[in-house]
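In what follows, a structure is listed as structure tokens, so that the remarks can point back to it.
Please read all numbers here as calculations on a predicted model, not as lab measurements. Here is the naming used below: chain letters follow the sequence lines, and residue numbers restart at 1 for every chain.
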Amino acid sequence: MSEKKKILITSALPYANGALHLGHLAGAYLPADIYVRYLRLLGKDVLWVCGSDEHGAAITMRAKKEGRSPKEIIDTYHELNKQTFKDLGISFDHYHRTSAALHHETSQEFFTKLNEKGDEFEVRTIEQYYDEDYNQFLADRYIMGTCPRCSHPEAYGDQCENCGSDLSPTELINPVSTLSGKSPVLKETKLWYFKLDKHEEWLKEWISEGTLDGVAHHDAKQWKKHVLGQCLSWLNNGLQPRAITRDLDWGIPVPLEGAEGKVLYVWFDAPIGYISSTKQWALDNGKDWEEYWKGDDVELIHFIGKDNIVFHCIIFPAMLKAYGDYALPKNVPANQFLNFEGQKFSKSRGWGIEQHEYLEAFKDFPNKEDALRYALLRNLPENRDSDFKWDEFIEFYDKELADNLGNFLNRVVVLTNKYYDGVTPEIEVNLKEKLAEAIAIVDKITQELDTFSFKQAALALMELSSYGNTYLQDVSPWKIWKEDPDSEVVKECLFVCLQIASLLSILCEPFIPFTSPKIRAFLGLGETANGDLQSVLDQIKAGQALITAGHQVGQSGVLFPKINDRRDASRLEIVNRQKNKLEEILAAEKGPEREPLKDEIQFDDFVKLDLRTGTITAAEAIPKADKLLKLSVDLGMEQRTVVSGIALQYKPEEVVGQEIVLVANLAPRKLRGVLSQGMILMAENDEGKLSFVRPNETIGNGFVVK
RNA sequence: GGCGCGGUAGCUCAGCUGGUUAGAGCGCAGGAUUCAUAAUCCUGAGGUCGGGAGUUCAAGUCUCCCCCGCGCUACCA
């Protein structure tokens with residue numbers, strides 16, 4: 001066992017059925033990359049693992065849709081995502097995949113161990129749809145039918161994409177297997193459940209107090225509020241056992257006799273992917289994976305988006321503790337969501353840009369990687385949803401990277417070359433004193449990084465360069481030099497500026513790793529290595545120069561050619577192409593769009609409907625249902641009670657006296673405890689505005705509409 | 001309806017356990033300067049801290065109610 005503390009960083013495993021967009025990057029990968037690069041520069045023993053999540057029904061569904069095998073799908077996206085990460089400087093130590101044999105073994109071993117503990121799992125028998133032609137149980141997504149809520153004929157077993165309702169397969173009207181196209185039958189099946197409820201007590205203490213079995217584990221106050229909030233909300237509602245197996249042919253087989261045709265539920269094996277990724281890295285590098293997962297000297301940090309909070313803060317810790325010996329996360333700095341120009345990323349709408357698309361579209365853009373990293377960084381959704389805008393991309397690049405950082409570095413190197421032929425001047429100076437303010441800013445940068453405040457850290461980095469600009473301006477060596485080229489004041493000024501430039505060259509590395517070596521080259525410095533930042537910090541605080549007298553600097557140049565440049569519009573054009581794309585999408589969407597027509601029916605189908613005129617005579621809200629009103633309808637020959645989902649648009653008093661048309665022979669159904677005897681016809685437009693359908697002159701109640 | 005998170009200058013956001021005249025960047029207005037990439041530096045204007053009530057000597061910061069945004073969840077004939 002090594003004496004040094006091990007830090008294990010994980011980033012959410014990307015699901016390998018599609019490309020990743022900028023929101024993903026901003027959520028779980030860029031912040032982690034910055035943090036890991038920072039720790040490496042400090043010389044910490046840090047390991048960062050990730051990989052593709054390659055199981056689950058969504059992959060088989062996509063494969064079927066595209067007429068490819070699941071294996072082809074995951075291979076495509078595994079390679080794409082892996083390469084794109086690499087191109088953007090996302091510096092995983094290992095990028096694994098859950099289809100790997102090592103991962104299957106690891107997951108099965110994990111399952112087996114928990115199963116052998118005896119009281120972690122329970123087996124339940126439930127009824128599930130089964131396709132008799134294909135001899136297999138059907139995942140929710142493999143069943144389609146008519147949505148019981150909106151009558152959309154192509155709702156999936158878990159969700160209706162037309163009305164957004166969450167469904168269960170048994171709710172579907174006329175369910176059909178997407179495999180055989182026939183009606184599935186209900187058949188009993190066995191599922192394994194993880195008894196999450198059993199872990200509720202210690203989880204509550206661990207999350208709210210940061211103590212584990214009474215022993216201090218982490219500082220709960222360091223966790224983000226929205227993370228704590230969501231976890232405690234779950235815990236206070238009571239945890240339920242969760243199914244960990246499914247009847248599916250794509251995934252990790254359940255390693256038990258009599259469990260043929262069953263695989264581990266994807267959420268169970270995915271986080272174990274962090275472990276198998278570590279194992280593979282250890283094998284490749286001759287290390288011991290357990291040193292990073294077990295023992296007191298382990299610090300585990302999960303970087304994720306907010307959609308993953310409960311898995312990483314509740315479910316996976318429960319799995320780890322149930323297994324035993326594993327360290328639990330010290331922090332889960334989950335980010336919120338990144339929007340794109342004011343709206344959510346949407347693949348189907350083409351709203352947003354995927355990582356590999358960006359690299360392609362910006363291939364002629366200098367520093368495209370750092371430009372993107374910086375724009376995302378400055379706008380990270382750390383505590384609330386944020387918004388990526390191309391105009392801000394331009395602004396951050398031009399104002400901060402080019403005008404502030406790039407220009408300062410250029411000024412310093414140009415002046416050094418001009419006055420001293422690039423040789424650092426010899427000068428007596430109390431650096432501790434002279435750099436006190438700069439060092440305070442450096443401390444701020446590291447403190448922000450230590451606490452996962454990456455956006456603030458970036459601002460502090462700019463503050464350092466801005467401080468350099470201000471200092472240079474205050475001394476204005478060019479004025480003095482004109483009078484006295486040998487001035488000690490000029491020498492001191494540039495000597496100090498070179499120290500600041502040197503600090504910037506290393507401190508910027510976690511944020512803009514592609515630019516850092518260029519800055520180092522300007523300054524005549526070699527590339528940074530692990531641990532360098534620690535020695536730089538030690539030196540500078542001890543008053544030692546980082547760039548000493550006699551050191552030859554290199555030649556400078558334009559680090560960040562500005563986007564708004566009067567001589568060269570090429571960069572602006574690249575960005576403008578993206579902006580134009582969005583405008584086109586918006587323009588296209590403005591065209592009239594109507595729900596597609598349903599399948600043709602016969603006259604006989606129509607006459608089955610019994611439509612009657614009526615008048616609403618009373619209305620009241622239904623407690624604990626914000627969309628429902630309980631209505632009394634006068635049909636002339638009788639009174640009906642009808643429950644209608646119009647409460648968001650109408651107050652009860654507004655609808656009394658309203659003439660309506662009622663589907664009068666609809667089978668009664670109970671809603672929120674009230675028996676609804678019919679359905680009122682309403683027209684609804686695309687903005688959700690409702691309007692009653694009624695005869696355009698009063699005709700009396702109870703008459704037939706046909 | 002329940003739960004969680006957010007709502008601070010024109011824009012994007014900082015403000016830990018309540019404590020002096022509420023901060024930064026961008027934008028805007030004036031000025032300085034030329035080593036540098038129409039750059040840099042200085043000064044200034046600009047905020048009922050979502051609304052209302054309360055606790056306190058003192059509230060952006062605590063409590064309650066309400067409004068808005070996002071998410072989870074229930075319901076949606």
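Remark: rA22(B) base-pairs with no nucleotide; criterion is Watson-Crick or G-U wobble with both hydrogen-bond distances under 3.5 Å. Pairing of rC41(B), defined by two Watson-Crick or G-U wobble distances under 3.5 Å, is identified with rG31(B). In this structure rA53(B) sits in a base pair with rU63(B), meeting the Watson-Crick or G-U test at under 3.5 Å. Here rA74(B) sits opposite no nucleotide as a Watson-Crick or G-U wobble pair (both hydrogen-bonding atom distances under 3.5 Å). Within the shown strands, nothing qualifies as a pairing partner of rC16(B) under the Watson-Crick or G-U definition with both distances less than 3.5 Å. Across the strands present, rG6(B) finds its partner in rC68(B); the criterion is a Watson-Crick or G-U wobble pair with both atom distances under 3.5 angstrom.
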### Message
Generate the contact string for nucleotides 2-12 of chain B. Rules: B means base contact, S means sugar-phosphate contact only, - means no protein heavy atom under 4.0 Å.
### Response
-SSSSSB---S
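Checked against the 6.0 Å centroid threshold, W351(A) and F345(A) do not count as a close aromatic pair. For F362(A) and F393(A), the ring centers sit closer than 6.0 Å to each other. Taking the six-membered ring for Trp and the full ring otherwise, F560(A) and F396(A) have centroids separated by 6.0 Å or more.
Residue pairs meeting the side chain to side chain donor-acceptor pair (under 3.5 Å) criterion with at least one member in residues 484-494 of chain A, sequence neighbours excluded: K434(A)-E492(A). Screening residues 456-478 of chain A for ring-ring contact (aromatic ring centres under 6.0 Å, His included) gives no qualifying pairs among residues at least two apart or on separate chains. For residues 449-459 of chain A, every residue pair satisfying the side chain to side chain donor-acceptor pair (under 3.5 Å) rule, not counting sequence neighbours, is listed here: Y38(A)-D450(A).
E463(A) comes within 4.0 angstrom of nothing in the nucleic acid, heavy atoms only. Residue contacts shown for S466(A) are limited to sugar-phosphate atoms, with no base heavy atom under 4.0 Å away. Using a 4.0 Å heavy-atom distance criterion, L415(A) is classed as a base contact. Note on K418(A): only backbone sugar-phosphate atoms sit closer than 4.0 angstrom, heavy atoms only; bases stay farther off. Within 4.0 Å (heavy atoms only), F560(A) reaches at least one base atom of the nucleic acid. Counting non-hydrogen atoms under 4.0 angstrom, K479(A) reaches the backbone sugars and phosphates but no base. Note on V558(A): a base of the nucleic acid sits closer than 4.0 angstrom, heavy atoms only.
Between L377(A) atom CG and rA14(B) atom P there is a gap of 13 Å when expressed in whole angstrom units. Between Q456(A) atom CD and rG15(B) atom C1' the separation is 9 Å, expressed in whole Å. If you take CG of L235(A) and C1' of rC72(B), they are 14 Å apart, rounded to a whole angstrom.
Residues passing the salt bridge (Lys or Arg N to Asp or Glu O under 4.0 Å) test with K224(A), sequence neighbours excluded: none. Residues that satisfy the salt bridge (Lys or Arg N to Asp or Glu O under 4.0 Å) test with R640(A), not counting sequence neighbours, are E638(A).
Each of D474(A) and K482(A) lies near RNA chain B, and the nucleotide nearest K482(A) is the one positioned closer to the 5' end. Sequence order on RNA chain B of the closest nucleotides to K399(A) and S644(A) puts K399(A) first from the 5' end.
An OP1 or OP2 oxygen of rC41(B) is reached within less than 4.0 angstrom by a side-chain nitrogen or oxygen of T470(A).
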